[in-house]
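Side chains are part of it too, since the values below use all heavy atoms of this structure and drop only hydrogens, waters and symmetry mates.
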Amino acid sequence: MFGKQDIMEARERLAPYIYQTPVLHLQNLDEILGCRVYIKPECMQRTNSFKIRGALNKMLSMPKEELENGVVAASSGNHGKGVAFAAKLLGVKATIVIPDNAPQVKVDGIRKLGAEVVQCKLSERHIIAGQLSERYGYTIIHPYDDYQ
């Protein structure tokens, strides 16, 4: 069962590695929307996205032996950059499967972090990531379907 304690443990695990981004009140939108409006600008995060949180938490939760085999992720960009950052931080090989129509800035950002990039059709990302996992023993770092 997933609960508050899991969230608190993840927060503690991630704290040394990520920025504590602010929560900002957007007063100008309060009246228009009829409620108090806040944002948490994760564009200020180390990889410019909240996706670093899930990728890094997953990898910090894995046994060292499993990490040593490397990781693979299917992504359209932000998750891939988060996985690549976490892998570099932890000294782990990362392969990111990204669509061949992904913005070049995202592909370049992932490569700059040291990850291998495999490009394919958008619809094939998860299939190819699964095949790479089976072939090389990489652990799949899923972009959303994982409690860690």
Under 4.5 Å between side-chain heavy atoms, hopping through other hydrophobics if needed: is there a path connecting Leu113 to Leu14?
yes
Mind running side-chain hydrogen bond (donor to acceptor under 3.5 Å, both in side chains) on Arg13 and Ser61 for me, showing each step along the way?
CA-CA 9 Å; Arg13 222 179 344 266; Ser61 301; 3.3 Å; yes
Is there a path of hydrophobic side-chain contacts, each under 4.5 Å between heavy atoms of I, L, V, M, F, W or Y residues, that connects Ile140 with Ile96?
no
Whether over 12 other heavy atoms sit under 6.0 Å from Gln104 CD:
yes
Please round to the nearest 0.5 Å and tell me the distance separating atom CD1 of Ile128 and atom CZ of Arg135.
9.5 Å
Shared ILVMFWY cluster between Tyr147 and Tyr144, side chains joined below 4.5 angstrom?
no
Is there side-chain contact between Ile39 and Val23, with heavy atoms separated by less than 4.5 Å?
no
I'd like to know if Val105 and Ile98 are part of one continuous hydrophobic network [Ile/Leu/Val/Met/Phe/Trp/Tyr, side-chain heavy atoms within less than 4.5 Å].
no
Across all chains, not counting sequence neighbours, the side-chain hydrogen bond (donor to acceptor under 3.5 Å, both in side chains) partners of Asp146 are Lys58
Candidate pair Val97 and Leu132, rule side chain to side chain contact (heavy atoms under 4.5 Å, CB included), full reasoning:
CA-CA 9 Å; Val97 183; Leu132 290 169; 3.8 Å; yes
Please give me the minimum heavy-atom distance between Ala84 and Ala115, naming the atom from each residue.
CB-CB, 3.7 Å
Any side-chain heavy atom of Gln119 sitting closer than 4.5 Å to one from Val117?
yes
Please check this pair: side chain of Arg125 against backbone of Leu122, looking for a donor-acceptor N/O pair closer than 3.5 Å.
yes
Would you say that Leu24 contacts Pro41 through its side chain, given a criterion of any heavy-atom pair below 4.5 Å between the two side chains?
yes
Are Tyr138 and Met62 linked, directly or through intermediate hydrophobic residues, by side-chain heavy-atom contacts shorter than 4.5 Å (ILVMFWY only)?
no
Nearest heavy-atom approach of Ser133 to Val72 is CB-CG1, 4.1 Å
Are more than 12 heavy atoms from other residues, nucleotides or ligands located less than 6.0 Å from atom CG of Asn28?
no
Please round to the nearest 0.5 Å and tell me the distance separating atom NZ of Lys64 and atom CG of Asn69.
13.0 Å
List the steps, then state whether side chain to side chain contact (heavy atoms under 4.5 Å, CB included) holds for Phe2 with Ile7.
CA-CA 8 Å; Phe2 182 80; Ile7 295 168; 3.8 Å; yes
Step by step, work out the side chain to side chain contact (heavy atoms under 4.5 Å, CB included) result for Phe85 and Arg46.
CA-CA 9 Å; Phe85 177 87; Arg46 292 182 77 168; 3.4 Å; yes
Interatomic spacing from CG in Leu67 to OG1 in Thr139 - rounded to 0.5 Å:
7.0 Å
Heavy-atom check, side chain of Leu89 versus side chain of Tyr17, under 4.5 Å
yes
For Glu66, give me all partners under salt bridge (charged side-chain N to carboxylate O under 4.0 Å, His left out), at least two apart in sequence or on another chain.
none
Taking every non-hydrogen atom, the tightest pair across Val107 and Ala102:
CG2-CB, 4.2 Å
Less than 6.0 Å separating the ring centroids of His142 and His79?
no
Mind checking the CG-CD spacing from Leu60 to Glu9? Nearest 0.5 Å is all I need.
13.0 Å
Please examine the side chains of Pro99 and Cys120, heavy atoms only from C-beta on, and report whether any two atoms are closer than 4.5 Å.
no
Give me each pair satisfying salt bridge (Lys or Arg N to Asp or Glu O under 4.0 Å) with a member in residues 88-102, each pair once, sequence neighbours excluded.
Lys93-Glu116
Those residues that, when tested against Tyr38, pass side-chain hydrogen bond (donor to acceptor under 3.5 Å, both in side chains) (two or more places apart):
Arg36
Pair Asn78-Thr47, side chain to side chain contact (heavy atoms under 4.5 Å, CB included): steps then yes or no
CA-CA 8 Å; Asn78 288 338; Thr47 59; over 6 Å; no
Can a donor-acceptor pair be found, under 3.5 Å and without considering hydrogens, that links the side chain of Gln148 to the backbone of Gly54?
no
Taking all non-hydrogen atoms of both residues, which atom of Gly77 and which atom of Ile110 are closest, and how far apart?
O-CD1, 3.9 Å
What distance do Leu90 atom CG and Leu56 atom CG have between them, rounded to the nearest 0.5 Å?
6.0 Å
What residues, two or more places apart in sequence or in another chain, satisfy salt bridge (charged side-chain N to carboxylate O under 4.0 Å, His left out) together with Lys112?
none
Going by heavy atoms in the side chains, are Pro143 and Lys51 under 4.5 Å from each other?
yes
Are Lys121 and Asn101 linked by a side-chain donor-acceptor pair shorter than 3.5 Å?
no
Which heavy-atom pair separates Ser75 from Gly80 by the least distance, and what is that distance?
OG-N, 2.8 Å
Going by side-chain hydrogen bond (donor to acceptor under 3.5 Å, both in side chains), name the residues that satisfy it together with Thr21, two or more places apart in sequence or in a different chain.
Lys40, Glu42
Distance (rounded to the nearest 0.5 Å) between Ile18 CD1 and Phe50 CZ
12.5 Å
Minimum heavy-atom separation for Ile141 and Val83, please, with both atom names.
CG2-CG2, 3.8 Å
